[in-house]
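To keep things clear, I will list the structure first and then write my remarks on it.
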There are 2 protein chains.
Amino acid sequence: MAELNVRHLTFRLLQVYVTVVRSGSVSEAARQLHLTQPTVSQQLKRLGEAVGEPLLENQRGRLVPTEAGRELYRASREVLGRFEDFDEYLTALRGGERGRFSIALVNTAQYVLPRLLGPYSQAHPEVEVTVHFGNRRQMLTRFERQEDDLYVFSHPPPLTHAMAGRFLRNPLVVVAPVGHALAGRERIAMSELLHERFLLREPGSATRMLFDNWLHEQGRVLGPTLQMASNEAIRIGVASGMGLAVLSEHVLPPEHPDLVILPVEGLPLESHWQFIVRRDRRLPHAAQGFLRFASEHLDKCVETRFLCNELDTLLEGLSRHWERTAAGP
Amino acid sequence: MAELNVRHLTFRLLQVYVTVVRSGSVSEAARQLHLTQPTVSQQLKRLGEAVGEPLLENQRGRLVPTEAGRELYRASREVLGRFEDFDEYLTALRGGERGRFSIALVNTAQYVLPRLLGPYSQAHPEVEVTVHFGNRRQMLTRFERQEDDLYVFSHPPPLTHAMAGRFLRNPLVVVAPVGHALAGRERIAMSELLHERFLLREPGSATRMLFDNWLHEQGRVLGPTLQMASNEAIRIGVASGMGLAVLSEHVLPPEHPDLVILPVEGLPLESHWQFIVRRDRRLPHAAQGFLRFASEHLDKCVETRFLCNELDTLLEGLSRHWERTAAGP
DNA sequence: GCCATGCATAGACCATTATCTATAACTGCT
DNA sequence: AGCAGTTATAGATAATGGTCTATGCATGGC
């Protein structure tokens, strides 16, 4: 008959009840809750009706829970506690201390982003980060499909739905094996290289695109080429004398005794990696936290010569953007 | 800033939310809950505002929870589950399958009540029973103070605030050691016993009171007496030849080769044990369940010659009483 | 037996909620 | 571009909830 009607049960009601049980007195509970005594009495009555069972009984002046009341007290404590936990969780989430986000990187960036992600995830062990790698074309697809929270491009797609912030120089250089004929020269014209064999990244990769564009601007066409979809493979190929290549400096190890960078005219090709954030996808607090972290710790994580930290501007733009969006009536 | 305001959070809201998350669709949830779609939409909005964080996002047609939403879902499940448990608990409580009650027994009744309590608590292992023993006077004090849920008296106090139901004959007999001079006689007048030494229970005990009253009615006075506050001690005392005694038949073991019951005129003194229930104290469901159990199983638990089961009447009276009380506007 | 204290009930009030219908805006698919 | 289905917004309304003040009732101490 008197079913427990959970429908109109409020957390407030439970809070009041818990206070009453703890203090053993309606009046005292009312004082603690800054309410009047009748208010509390009535809440108790409602609660009792919802439960369909007497909850409290008077034992020489003190209100003591009945059997049902004791169990309700336990349940209330647990339930209220659970939501306090949830509140804490929310706070952590908002502070970027926990949660998750995903980030999509063009392949070449994988040589340097771990330097940031490592320290970050050590400082924020509760944040789950997913990293996707691929060449520029694949990253563009993910970007279109809004699959990730952050993207790293050197040459981003049109920013109509996104915002960008540069954070790292990404110079492209021509590398040759250490014993190459041109290795000692102080200055080399591009025209001198056109008959050399070049090891190229696949079409669709950013490195390839940049180099192709540059050549095209100059109206030049390469001689024999060999295509490999891996920076590593190319680097080793060059070291082994397979030919020359255009690579991001980040691909080269700090010490590279078997490779030399050729001082070609017009090179290095300057470009910058940037974090890209879609404006039409809510940025998780954790991702924003990562950007803050990057902005603050970048200088400790990468070599100074590559530094180019414009993340402050991005972060500022972001908060302005979300303010405006959230303020919508 | 946007603190989690748990105050106006309803369980209903969580139920709706859980349904939406499960079905991945507002419309579908509305159908399941027999609500209109806008209603559900608005509930979600309110919930989202209370949490201060987006909870759901559209992922190619399906609503999936955000990070915060996932955690809220977990919390909601737990919380709703906890109250379902509580509901089950209540059902068990109402059915008398669990809970607790206390029962106060005059000492003599302790020879027979375990025969009922044993089978009862085997059948209802979740019910916690507390039994208090003492002589009649002590039990009366407990009764006045409303310390227990059930009382067992042979001669109860005035029933202005209580109801009673007899359940067991309690004949008082005169016992003598097996070799006693009067042991073989077919009929004995009380006058013949007055010079015998009697072992008596203490004043305040029911047995003593009954015997005293009986003697008083007949205008007789006992000879030498010896007082002991224990039925056991008296029984053994009689068996050892210390004198005669008036005892409840229940105190005698089924076989008692060292004792005989004297066929005294006017004896046995007939009295009945009864369960007493205060009307001004809510009877726990479990206690009521015990009375039901007693009513049904009494014949299997005690010797037939002691049977006197009027508990049905008590139970009926109880339910009428509580109906009337509960119906009060 | 009276007074202080604490609890319950009654009546009133306003804010919030739950719910609807109608309609607009969006989304994915063809 | 249009359609079907889904979601969001607006406006309305009845019920509920949370709170108060005033008052009645019980109880324990002096």
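Fair warning: this is a prediction, and the values are worked out from it, not measured in the lab. Heavy atoms only: backbone and side chains are in, while hydrogens, waters and symmetry mates are out. So that the names make sense, note that chain A is the first sequence line, chain B the second, and so on, each numbered from 1.
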*From A:Y151 atom OH to A:H132 atom NE2, the distance as rounded to the nearest 0.5 Å*: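 Here the rounded value is 9.0 Å.
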Working to the nearest 0.5 angstrom, can you tell me the gap between B:L105 CG and B:N135 CG?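 Between B:L105 CG and B:N135 CG, I get 12.5 Å after rounding to 0.5 Å.
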Validation row: [X], [Y] side chains within 4.5 angstrom (heavy atoms):
X	Y	value
B:Y89	B:T91	no
A:H285	B:E53	yes
B:F143	B:R278	yes
B:V129	B:R100	no
A:I103	A:L113	yes

I need the [atom1]-[atom2] distance between [X] and [N], as an integer number of Å.
X	N	atom1	atom2	result
A:L14	D:dG18	CG	P	11 Å
A:K45	D:dG17	NZ	P	13 Å
B:L63	D:dG5	CG	P	17 Å
B:R31	D:dT7	CZ	P	9 Å
A:E57	C:dA8	CD	P	12 Å
A:Q37	D:dG18	CD	P	17 Å
B:L56	D:dA8	CG	P	8 Å
A:Y17	D:dG18	OH	P	17 Å

Bend of the helix from C:dG1-D:dC30 to C:dT30-D:dA1 from end-axis comparison, five pairs per end, nearest 10°, comes to 40°
Relative to each other, are the rings of A:F290 and A:F275 parallel, tilted or perpendicular (30° and 60° limits)?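 A:F290 vs A:F275 ring planes: perpendicular.
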Please table the atom pairs, donor to acceptor, closer than 3.5 Å between any side-chain atom in residues 38-48 of chain A and protein atoms at least two apart or in another chain.
{"from": "A:T39", "atom 1": "OG1", "to": "A:T36", "atom 2": "OG1", "distance (Å)": "2.8"}
{"from": "A:S41", "atom 1": "OG", "to": "A:Q37", "atom 2": "NE2", "distance (Å)": "3.1"}

For B:F153, what residues pass the ring-ring contact (aromatic ring centres under 6.0 Å, His included) criterion, not counting sequence neighbours?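 Applying ring-ring contact (aromatic ring centres under 6.0 Å, His included) to B:F153 gives none.
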Those residues at least two apart in sequence (or on a different chain) that pass ring-ring contact (aromatic ring centres under 6.0 Å, His included) with A:F11 are A:F83, B:F11
Item to check | OP1 or OP2 of C:dC7 under 4.0 Å from side-chain N/O of A:S25 | outcome: yes
message: If you compare every side-chain N and O of A:S41 against the phosphate oxygens of C:dC7 (OP1, OP2), does one of them come in below 4.0 Å?
response: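 For C:dC7, neither OP1 nor OP2 has a side-chain N or O of A:S41 closer than 4.0 Å.
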Which residues in residues 65-82 of chain A have a heavy atom closer than 4.0 Å to any atom of DNA chain C?
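Nothing qualifies; none.
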Per-nt protein contacts along nucleotides 13-19 of chain C (heavy atom under 4.0 Å; B base, S backbone sugar-phosphate only, - none) come out as ----SSB
